[in-house]
Amino acid sequence: MTDDKARHLATLRELNHHYVRSVAEADVEWFDRHLSDDFHNTNPDGSVIERAAFLAQIGRGSAVKDLREHDVKIRLLGGFAIIHARTSYTKPDGSPGAGWYTDDWQLRPEGWRCVSAHVSRS
């Protein structure tokens with residue numbers, strides 16, 4: 001593995017962890033710094049929202065607790081990366097929940113920016 005590839009993978013692992021942490025903590029500022037201007041998100045209910053609506057959604061906080069990422073797979077394709085992972089969390093009623101997500105990242109002049117995300121629940 002080249003030094004550049006290893007560096008990019010380490011950066012993407014860190015960004016992925018902070019993405020999940022920022023959902024759990026309603027950290028809108030982190031998302032504001034790391035989402036592309038043309039970001040879109042597909043919610044578990046199938047709705048597709050743009051950046052501003054996503055930031056507002058994050059700001060309202062999540063109903064789930066103890067959100068964690070697992071089985072993270074990062075596919076680095078030059079200046080583009082696809083991250084697949086599963087999640088576990090506690091639902092508002094205390095029962096366990098799980099899901100999957102895919103985040104797409106693009107290397108831009110200002111650094112890696114998330115351009116798209118898709119979340120599903122199982």
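Here the closest non-hydrogen pair linking Ile83 and Leu12 is CD1-O, 4.0 Å. Taking all atoms of both residues into account, the shortest heavy-atom contact from His84 to Arg75 is NE2-NH1, 3.5 Å. In plain terms, the two heavy atoms of Ala26 and Gly61 that are nearest each other are CB-CA, 4.0 Å. Across Gln57 and Asn43, no two heavy atoms sit closer than the pair NE2-OD1, 3.0 Å. Residues Ala117 and Tyr19 share a closest heavy-atom pair of CB-OH, 3.4 Å. The minimum heavy-atom distance linking His118 with Asp103 is given by the pair N-OD1, 4.5 Å.
Cluster membership for Val64 and Trp30, using ILVMFWY side-chain heavy atoms within less than 4.5 angstrom, is shared. Cluster membership for Trp100 and Val72, using ILVMFWY side-chain heavy atoms within less than 4.5 angstrom, is not shared. Linking ILVMFWY side-chain heavy atoms closer than 4.5 Å, directly or via other members, places Leu15 and Leu67 in a single hydrophobic cluster.
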Worked check of side-chain hydrogen bond (donor to acceptor under 3.5 Å, both in side chains) between Asp45 and Ser47: CA-CA 6 Å; Asp45 67 2; Ser47 62; 2.6 Å; yes
Residue pair Arg113, Phe39: steps toward the side chain to side chain contact (heavy atoms under 4.5 Å, CB included) verdict: CA-CA 9 Å; Arg113 295 295 178 262; Phe39 173 83; over 6 Å; no
Residue pair His8, Ile74: steps toward the side chain to side chain contact (heavy atoms under 4.5 Å, CB included) verdict: CA-CA 10 Å; His8 286 307; Ile74 301 173; over 6 Å; no
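The closest side-chain heavy-atom distance from Tyr101 to Val20 is below 4.5 Å. A 4.5 Å side-chain heavy-atom check between Asp27 and His18 finds every atom pair outside the cut-off. Here the side chains of Trp112 and Leu107 are in contact, with some heavy-atom distance below 4.5 Å.
The backbone N or O of Gly99 sits less than 3.5 Å from a side-chain atom of Thr87, completing a donor-acceptor pair. Panel note: side chain Arg51, backbone Asp32; a donor-acceptor pair is recorded below 3.5 Å. Remark: the backbone N or O of Ser95 is paired with a side-chain donor or acceptor of Asp93 at under 3.5 angstrom.
Once rounded to the nearest 0.5 Å, the distance linking CG of Leu55 with CD of Glu50 reads 11.5 Å. Interatomic distance, NZ of Lys73 versus OG1 of Thr102, reported as 11.0 Å (0.5 Å rounding).
Environment of CD in Glu25: crowded, with over 12 heavy atoms of neighbouring residues, nucleotides or ligands closer than 6.0 Å.
In summary, of the residues considered (Ser116, Cys114, Ser36), a side-chain contact (heavy atoms from CB on, under 4.5 Å) with Trp105 occurs for Cys114 alone.
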